[in-house]
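What follows is one structure encoded as structure tokens, with my remarks underneath.
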Amino acid sequence: MRLSRDYFFTLRDDVKNEDSTSGNLLVRSGMIKKTSSGIYMMLPLGLRVMNKIENIVREEMNAIHSLELSMPAMIAEEVYIESGRRETFGNSMFALKDRFNKPFVLGPTHEELFAAAAKMHVHSYKDLPTSLYQFQTKFRDEPRPRFGLIRVREFVMKDAYTFDRDLAGLDLAYDKMFQAYKNIFDRLEIDYVIVRADTGVMGGLLSEEFQAVCDIGEDILVIEESSGYASNLEIAKCIIEDEVSDEPELSYEIKDTPQAKTIEEVVAFLNEDIKKFVKTLIYNIDGNIYALCVRGDHEVNETKVLKLLGANEIEMASEEEVIAATKAPVGFAGPIDLEIPIILDQEITVMKNFIVGANQVDKHFINVNLSDFTPTQVADIRKIREGDMCENGAGPVKFMRGIEVGNTFKLGDGYAKAMDLYYTDQNNKLIPVQMGSYGIGIARCMAAIVEQNHDKHGILWPKHLAPIQVAIVIINTKNAEQVEVAEKLYAELNANTNLDILIDDRDERAGVKFNDMELIGAYARITVGRGIADGKVELKIAGADISEDIAIEDITTKIKEIFA
RNA sequence: CGAGGUGUAGCGCAGUUGGUAGCGCACCUGUUUUGGGAACAGGGGGUCGCAGGUUCAAGUCCUGUCACCUCGACCA
């Protein structure tokens, strides 16, 4: 790449409409450019990084005998209606119509088409196992795109699928994929943790996520280090920590709580410990109204509730629904004499003489006990908190934040049954295929790498991913000797390595060139300047404090060593 | 979806009580510079998000609309 000629630009200042460090660095270094909310151009330097990440992924996929193919991004809507996922995805699917008014969608993920592709090959047990993958643009109409390339509406994902005869085969395929994923993220030099995650509505057997550790991560990871426990907050189980209270049970009575609606207000008004309260939250779950009770200082874990009920959608009930269900305005719901299903968090079973809403304006009940009402179900429905005991009892958990850069999913046979993907076994019986699905967000990896690897000057790419691996900077382009040495090195390095080499032959001041190379994260910088009088040039690695003088004739060897 | 904010040159911004648009950076020309984002001089670039309306006159006032951003989507 020759800067005096090729497409190249940088911005000196942060742009306003980027809300993350990685987004700003990538925009400022001229690698990406936002065109709409959550939609980006991938400019030449950015695309180089993408390609390098893709190639690492491709090598590891090929190594485990997954075959690459390419699916369409635009898919007839009926494909998702048949699998039952049109509803599951709902508004998050981009939908459009062709000129004959036939409905299409832009694929958010491709299980359906891969199952269809598998059907072409899989008829007999002799055809299994097999595995396919692709790199493909996915479309998801996120309600709130955020953080540069991290939460976007159009993105390239590597998705792989395995097809096996039985669970033992699936376990094997999953383990191979899992190891390949570790190889990939190790090679990408991402600092990651693997957590257990929600298997979602398809009722898969196991889901694990590869999470890049990062402060702006949108997922909360629940960690207990001594036992190696790691889970997404969504599914981290809680255990009952307190002993059954030994207080004598009192009879409940009604209390005036004027103007006190929120839990904080009631706590303040009654001057009681928040742990003496039970919050009753009214939810609309798949169109039905439920009351969920958790201790005053706890929060409902909606994922757990969905799983418990086998439901798809959960949201707080509207004001009208609350009034209809509790016969009281919002703020005074309680479990006593409530005529809707009540789901009680298990922690409440050890409480006595607690405080609940009275389903009347400005009233709460105190000294309420379990015998005073009848819950429909008792279960673990609360969010675990930092410091709570880990479900395995090994110790208190701590929280980290992560960016989900990959996931691995044992789907089981549920999917094959829905998609009618069966094979004939040795006994001529039809058996559903055991599937696994495995995703990696390519640009998300790129963003995570930048979030994790930058300094005040710019991006610090791993050397195998840097869009520019060697940058030759000519200090003074009017100095014929400097130009000659630099050009010679440029030709020599291009001829003798497969690295991405850049020559900065612009008529700019040294500071401009240095800053640009640091911003874009050129891995090794060769400075051709006054040192050539002694037959030397300077070599500096991005992020290092000092540079090294190297004899001109030794540079190629040295560079080869560095990138060996 | 709810609340708030912002749309003026490639980027960041200013623009008073309405009077036909400016600053910094970037860009072009020239001169002097040349090892960490140069200096001076000259210059180019904008249907002020879009559509209506009020007015002799609208970046500015009014209405609508679109886009982008932030917060919330956990309140009982």
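Below, read A as the first sequence line, B as the second, and so on, with proteins coming before strands; counting in each chain starts at 1. A quick note: this is a predicted structure, and the numbers were derived from the prediction, not measured.
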Would you say the side chain of Glu518(A) and the base of G37(B) hold a donor-acceptor pair, judged only by whether the two atoms sit under 3.5 Å apart?
no

Does the G36(B) base have a donor-acceptor partner in the side chain of Asn515(A) within less than 3.5 Å?
yes

Using atom [atom1] in both nucleotides, what's the gap between [N] and [M] to the nearest angstrom?
| N | M | atom1 | result |
| --- | --- | --- | --- |
| G2(B) | A9(B) | P | 30 Å |
| C62(B) | C74(B) | P | 34 Å |
| G37(B) | G44(B) | C1' | 23 Å |
| C48(B) | U60(B) | C1' | 10 Å |
| C61(B) | U17(B) | P | 10 Å |
| A51(B) | A14(B) | P | 24 Å |
| G19(B) | A58(B) | P | 11 Å |
| C27(B) | G45(B) | C1' | 9 Å |

If you round to the nearest 0.5 Å, how far is CG of Asn284(A) from CD1 of Ile314(A)?
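One gets 9.0 Å once the value is rounded to the nearest 0.5 Å.
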
Starting at NZ of Lys237(A), measure out to CD1 of Ile239(A) and round the result to the nearest 0.5 Å.
12.0 Å

Return the nearest nucleotide to the side chain of [X]; candidates are [options].
| X | options | result |
| --- | --- | --- |
| Lys34(A) | G35(B), A38(B), C68(B) | C68(B) |
| Arg28(A) | C74(B), G37(B), A76(B) | G37(B) |
| Asn476(A) | G36(B), C25(B), U34(B) | U34(B) |
| Val330(A) | C68(B), A76(B), G37(B) | A76(B) |
| Glu508(A) | G37(B), G35(B), C27(B) | C27(B) |

Give one of base, sugar-phosphate or nothing for [X], where a contact means two heavy atoms less than 4.0 Å apart.
| X | answer |
| --- | --- |
| Asp19(A) | sugar-phosphate |
| Phe332(A) | sugar-phosphate |
| Val473(A) | nothing |
| Glu315(A) | nothing |

Is it true that atom CZ of Arg86(A) has more than 12 heavy atoms of other residues, nucleotides or ligands lying nearer than 6.0 Å?
yes

Go nucleotide by nucleotide along RNA chain B from the 5' end; which of Arg144(A) and Leu519(A) gets its closest nucleotide reached first?
Leu519(A)

Looking at Val195(A), Leu233(A), Asn232(A), which hits side-chain contact (heavy atoms from CB on, under 4.5 Å) with Ile220(A)?
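Of the listed residues Val195(A), Leu233(A), Asn232(A), the side-chain contact (heavy atoms from CB on, under 4.5 Å) partner of Ile220(A) is Leu233(A).
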
Can a side chain N or O of [X] be found less than 4.0 Å away from OP1 or OP2 on [N]?
| X | N | answer |
| --- | --- | --- |
| Lys513(A) | U34(B) | no |
| Arg509(A) | A38(B) | yes |
| Arg12(A) | A26(B) | yes |
| Ser37(A) | C69(B) | yes |
| Lys16(A) | C13(B) | yes |

Short side-chain donor-acceptor distance under 3.5 Å, Asp505(A) and Ser4(A):
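Yes, a side-chain donor-acceptor pair sits under 3.5 Å.
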
Verify whether one side chain among Asp516(A) and Thr10(A) offers a donor that lies under 3.5 Å from an acceptor in the other.
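Asp516(A) vs Thr10(A): donor-acceptor pair found between side chains.
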
Return the nucleotide paired to [N]: Watson-Crick means purine N1 to pyrimidine N3 with N6-O4 or O6-N4, wobble means G-U with N1-O2 and O6-N3, both under 3.5 Å.
| N | result |
| --- | --- |
| A51(B) | U63(B) |
| C40(B) | G30(B) |
| A3(B) | U70(B) |
| U17(B) | none |

Near-ring test Phe365(A)/Tyr252(A), centroid separation under 6.0 angstrom:
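Yes - the distance between ring centres of Tyr252(A) and Phe365(A) falls below the 6.0 Å cut-off.
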
